Amino acid sequence: ALDPTSNSNAMGQLLVLATAGIPSPVGGVFVKALSQTQFQVFWTTPSSPNTDPALLRYRILYGVGSPGLLYPSDGSYLQPSLSLVMNFTLSGLSVGTVYTVAVLSCSEIGCDTSHLMPAIAVTFGLAPNTSVQGVVLMYNTLKMEIVVAWAPLVTQPPEGEVALYEVQYGLSNSSLNTFRAYPPANSVILDGVTEDYQARVRAGVKVTPESFDYSQWSVWVMVSPPTSPTVQTGSAGVQESIPHPAAVIVPSVLVPLVVVGVGVASLLLWHLRKTRLATGPDGTANSLTKDGIN
């Protein structure tokens with residue numbers, strides 16, 4: 001029979017014992033990441049925990065991977081209580097790693113392994129080593145607004161998955177604001193812009209359920225609202241407060257096309273402003289160009 005106090009028995013060594021004397025299985029197992037090295041494991045008690053004389057303790061198993069080889073957690077068995085939902089904290093885990101977790105109901109002679117229902121979870125990861133790339137600012141003279149766009153950042157374990165982007169922006173040499181955009185959005189729109197603006201972007205990953213760690217900021221990218229607008233691009237690089245912000249998705253392959261399109265439209269508007277019709281003293285329409293009235 002299985003020694004219920006030993007931590008050296010892998011899942012493959014757990015014996016499926018006879019039904020007699022084996023407690024009912026636990027309910028569904030749920031795992032919540034608490035930090036980069038901790039999980040909180042929840043499960044519901046067997047259907048009749050207070051009337052099942054065989055149930056003496058619970059055993060938490062876990063292993064790296066999905067699915068992974070499951071090993072007993074350190075420490076003694078967890079004693080049952082009157083609570084319908086039990087929980088246990090697993091510590092000492094690896095950063096940004098996938099784990100398989102299971103909970104067994106046990107008696108003096110063994111544990112129930114016939115209804116194993118493992119859960120899959122990932123610990124919170126590290127901040128990205130690389131900064132956000134492809135940051136561009138595009139000035140729309142028709143709507144007096146600026147579009148800040150960037151290429152989505154792809155991370156690799158043990159880096160965490162990107163949970164948000166922060167866009168820091170404002171007037172040049174003036175106070176700055178920050179706006180958050182959440183994937184899959186990879187751009188924001190800043191309206192009511194009439195002066196020079198600068199912006200930069202960074203990516204954030206969760207390190208606890210309520211806090212984040214961030215990549216390095218991208219370089220500052222600037223744009224001005226001249227008669228013929230200019231567009232500048234930067235490499236990598238965000239905060240919250242904006243007149244009427246909006247976050248949208250811009251496919252990375254389309255960012256250069258959007259820049260060209262905005263430039264062409266702005267040049268056409270510039271040309272129309274320079275060439276218009278004027279009415280002469282005799283009521284006839286005269287052509288007004290940059291050189292004067294014909």
Side-chain angles (χ1 to χ4, degrees), residues 1-126 157-158 160-161 163 205-213:
L2 176 67
D3 177 4
T5 63
S6 174
N7 288 330
S8 62
N9 294 286
M11 186 60 200
Q13 297 172 304
L14 293 175
L15 301 180
V16 180
L17 303 176
T19 302
I22 298 297
S24 302
V26 302
V29 177
F30 171 74
V31 180
K32 175 184 178 181
L34 294 179
S35 69
Q36 294 174 322
T37 59
Q38 288 184 314
F39 283 148
Q40 191 166 21
V41 184
F42 299 87
W43 67 93
T44 55
T45 58
S47 56
S48 55
N50 298 322
T51 59
D52 188 344
L55 177 62
L56 296 180
R57 54 186 69 88
Y58 297 106
R59 189 54 147 167
I60 292 86
L61 307 175
Y62 72 103
V64 175
S66 173
L69 183 63
L70 301 180
Y71 290 88
S73 60
D74 292 335
S76 61
Y77 281 88
L78 184 66
Q79 300 299 318
S81 70
L82 297 179
S83 174
L84 295 179
V85 178
M86 300 287 295
N87 70 84
F88 179 82
T89 300
L90 276 174
S91 302
L93 306 176
S94 299
V95 178
T97 303
V98 177
Y99 283 90
T100 300
V101 182
V103 180
L104 303 179
S105 55
C106 301
S107 68
E108 286 290 354
I109 62 173
C111 301
D112 176 74
T113 60
S114 60
H115 299 86
L116 197 64
M117 295 185 295
I120 308 299
V122 184
T123 52
F124 292 123
L126 301 173
E161 183 179 357
V205 301
K206 282 191 172 185
V207 292
T208 73
E210 291 80 29
S211 60
F212 301 87
D213 198 3

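FYI, side chains are in, hydrogens and waters are out, and symmetry mates aren't considered; it's all heavy atoms of this structure. Since the model is a prediction, treat every value here as computed from it, not as a measurement.
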Q: Please lay out, stage by stage, how Leu93 and Tyr62 fare under the test side-chain contact (heavy atoms from CB on, under 4.5 Å).
A: CA-CA 10 Å; Leu93 306 176; Tyr62 72 103; 3.7 Å; yes

Report, one line per pair, each donor and acceptor closer than 3.5 Å where one atom sits in a side chain of residues 31-38; sequence neighbours left out.
from	atom 1	to	atom 2	distance (Å)
Ser35	OG	Thr37	N	3.2
Ser35	OG	Gln38	N	3.2
Gln36	NE2	Gly125	O	2.9
Gln38	NE2	Ser91	OG	3.0

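The minimum heavy-atom distance between Asp213 and Val207, with the atom names listed, is CB-CG1, 3.6 Å. The two residues Pro118 and Thr100 have their closest heavy-atom pair at CB-CG2, 3.5 Å.
By the 4.5 Å heavy-atom criterion applied to side chains, Leu104 and Leu116 are counted as neighbours. For the pair Ile120 and Val98, the minimum side-chain heavy-atom distance is below 4.5 Å. Between Trp43 and Ile60 the shortest side-chain heavy-atom distance falls below 4.5 Å.
If you take CZ on Arg57 and OG on Ser105, they are separated by 11.5 Å, rounding to the nearest 0.5 Å.
At distances below 3.5 Å, at least one donor-acceptor pair connects side-chain atoms of Thr123 with backbone N or O atoms of Gly96.
Residues passing the ring pair (Phe, Tyr, Trp, His ring centres under 6.0 Å) test with Phe39, sequence neighbours excluded: Tyr99. Glu161 is linked by a side-chain contact (heavy atoms from CB on, under 4.5 Å) to nothing, counting only residues two or more places apart in sequence or in another chain.
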